4 protein chains.
Amino acid sequence: MSPRRRDAEGTTSARAVRRAELLAAAAEVFAGRGYAATTVREVADAAGILGGSLYYHFDSKESMVEEILSTFLDDMWAGFDRVLDAGLGARHTLEALIAESFRCMDAHRHAVVIYQKESPYLVATWERFGYLADSRQRHEEMWLALLERGVADGEFRSDLDRPLVYRFIRDAVWVAASWYQPGARMSAEEVAKQYLAMVLEGIQASPED
Amino acid sequence: MSPRRRDAEGTTSARAVRRAELLAAAAEVFAGRGYAATTVREVADAAGILGGSLYYHFDSKESMVEEILSTFLDDMWAGFDRVLDAGLGARHTLEALIAESFRCMDAHRHAVVIYQKESPYLVATWERFGYLADSRQRHEEMWLALLERGVADGEFRSDLDRPLVYRFIRDAVWVAASWYQPGARMSAEEVAKQYLAMVLEGIQASPED
Amino acid sequence: MSPRRRDAEGTTSARAVRRAELLAAAAEVFAGRGYAATTVREVADAAGILGGSLYYHFDSKESMVEEILSTFLDDMWAGFDRVLDAGLGARHTLEALIAESFRCMDAHRHAVVIYQKESPYLVATWERFGYLADSRQRHEEMWLALLERGVADGEFRSDLDRPLVYRFIRDAVWVAASWYQPGARMSAEEVAKQYLAMVLEGIQASPED
Amino acid sequence: MSPRRRDAEGTTSARAVRRAELLAAAAEVFAGRGYAATTVREVADAAGILGGSLYYHFDSKESMVEEILSTFLDDMWAGFDRVLDAGLGARHTLEALIAESFRCMDAHRHAVVIYQKESPYLVATWERFGYLADSRQRHEEMWLALLERGVADGEFRSDLDRPLVYRFIRDAVWVAASWYQPGARMSAEEVAKQYLAMVLEGIQASPED
DNA sequence: TATGAATGAGTTTTCATTCAT
DNA sequence: TATGAATGAAAACTCATTCAT
């Protein structure tokens, strides 16, 4: 009620809320047209303000993607770490990781698309985006270790090239963000289930069917 | 499907050779940085000439991608048509399409990457790129028909959502162009074989193994 | 010579005090970075308030310099007029003017720096700053008359170009505001004395002349 | 005559000539209005081209001042080093330094004005201008050493504060660039002579000391 | 064919200023 | 009085494109 209290909480969170709104608008436009092809004015239009006004909230166009991507990656790794810490077997870990990936895609759909399409450009152009390359590397290591373990445990086929399997899954799963529409025919969870089935068992009819 | 540009004489003139060289350089840079983020000067640098000189050969930056993409799509559809015309069963058609996709990726690696990343932007921005959307649609129809036929013939599982299967395969296969390096550890053919195995049978160890 | 802005009541109201505080902050920043290179936000930061709040007190950034400069010039000319009205001989008038100049520099250090550096720009850009050019002209006339009188009276060397002598003194004396720090090794008064010694024994007719 | 030779020499020097022309225009405008208050368009107007065209020759507005100032400082220090290496006595060294200063001012009038007015701002704002502070420091050390030597040799008065004398001379001399017009009533050489007379007969030890 | 200087429209960014609270 | 979000005009800078040589 006191002005003091409003300053300490109310104002801060109002600002954070506004930032989040603006970033959501930016993410949608960046994902749709590509970061480089999107003008700051288009972002501002989408947010319902004028171009210059964005600079009250953000340093630069660059900072906007930065915040969009780091927010997504932080959430993604928190989820992955939860899965890895659960101490499941290889197959169940794989299932959980794919489920987690789709959950994350659902929550950060546009950020995921941006991450897919713009990472190479951003990493090549600005040092500050080096963490994108780090994340990609850690992601690969995590999956290769998992596949290794699954093969050792007899849960996964041993006749496949592990790096290839990793890329196969990664591409199939994450590119889904490009076409997935929340509230469409299938929920993210259902898509995850079907993808899991395909990854694990393939699309061929079983002999016994 | 795509506009044709042929020398009036029909011969592979020195001019056509130079165009091809320049387009190869352009494709590599566009694929690496993204079309919008690439400047004409960067293309020229990669080709070893100055920016203005490109305009002796091409109308515009736009025309360059246009030619890169249409060349690729023409080749891809020629290949697909050969496969479809062979009158194979569903499973063998699927095998042949995936093999053909990888062959095409091998031949037009950069064009494929550009096609993946830039299609939405190009289609949304210039009418002349409408044929990209047409191609995508025809591709989807071809695959859905194939999957339908395979399920009807008892070759493919019937419990999977067909559009989802299509996207799964499409994404896994074509995104490979983003990381595939000609002359790397595995040939395109080997990658195709392994991908086919995964798509058909999954990565899970079979019970009898 | 310069516009006046006085409280209607003629009292030193709280409002006037606040204005003076803000102008002091503004003067320091303008002097340090230059008027054009200083943003209103920087002024506000220096004053401990937010940018928009300055506009409760002042019409514009322009009005701030205006008030800073006119306050300084009013004081300077009041001092000079006192000296000129005292009816001293040329040499003593020169001594008193230089002493007065240093006193003024001490009292309006930042304003003096701004006046030095920004006058040409302000005069060229806004009509309202025309009085700066007037002041400069009157200053020159005052000094040339003084030098003339001193030469006529046999107090100053006659072999020097008078306009040049004027500039020499003006530049040496007033640019001191750029480096003079109140409370530093030497007081303004001491600096004035030394400067006077240097100036005088240069332009003063030698005993043997 | 051969195209090769024209490339090796002609083109390179043509480019350098153009740069110099553009920098001359820029220096005049920067000196007149102040660096921060000058727009790139104003520089371009003065050069007779469009704003964007400047960027074919220079990276940024910043780079333009950088080149203007470093060219001036290089020339100035080359001149000062010649004087210092001549091994003259203190008084003759002082004479030569002042003459050299005026020569330099004549050759780089606008650069000198920019150096005077913009150094603090440039140094405070961009690291790359740190060399301006270095130059200023070296200048001060050179003069203090000279004054010290002159006092020790009995050529200069010992009752004056050396740092103050340095500043007095520096300000009087260099600020002259602000009003000196080449081809005006007096040549730079004549101004130098008169300034020297004023300075010298002030700080010179009197015969009766 | 290629060069390189220039164009000019458009982009990102800045910033004095306004205004509802 | 002060805040802080926004405005909008102008600034710095970019870059596809042109064109005389």
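Note that this is a predicted model, so its numbers are computed, not measured. Order of the sequence lines sets the chain letters (A, B, ...), proteins ahead of strands, with each chain counted from 1.
- No side-chain donor from either of A/Glu62 and A/Tyr35 sits under 3.5 Å from a side-chain acceptor of the other.
- Going from atom CZ of B/Arg33 over to atom P of F/dT14 covers 13 Å, rounded to whole Å.
- For D/Arg18 and E/dA5, the shortest distance from a side-chain N or O to OP1 or OP2 is not below 4.0 Å.
- For the OP1/OP2 pair of E/dT11 and a distance below 4.0 Å, the side-chain nitrogens and oxygens of A/Arg41 include no atom meeting the criterion.
- In DNA chain E, runs of at least 3 consecutive Watson-Crick or G-U pairs, each pair with both distances below 3.5 Å, span E:2-21 with F:2-21.
- For E/dT1 and F/dT21, the P atoms lie 22 Å apart once the distance is rounded to whole Å.
- Map C/Thr39 and B/Gly48 each onto its nearest nucleotide of DNA chain E; the residue landing nearer the 5' end is B/Gly48.
- Residue C/Glu42 contributes atom CD, which lies 16 Å from atom C1' of E/dT17 at whole-angstrom precision.
- Taking a 4.0 Å limit (strictly below) on heavy-atom distances, residues 49-64 of chain D reaches DNA chain F at D/Gly52, D/Tyr55, D/Ser60, D/Lys61.
- The CG atom of D/Asp45 sits 14 Å away from the C1' atom of F/dA11 (whole-angstrom rounding).
- A tilted orientation is assigned to the rings of D/Phe72 and D/His108, their planes being inclined by 30° to 60°.
- Counting to the nearest Å, the C1' atom of F/dA2 and the CZ atom of C/Arg19 are 16 Å from each other.
- Between the CD atom of B/Glu21 and the C1' atom of E/dT1 there is a distance of 13 Å, given to the nearest Å.
- Between the CZ atom in D/Arg33 and the CG atom in C/Leu122 there is a gap of 10.0 Å [rounded to 0.5 Å].
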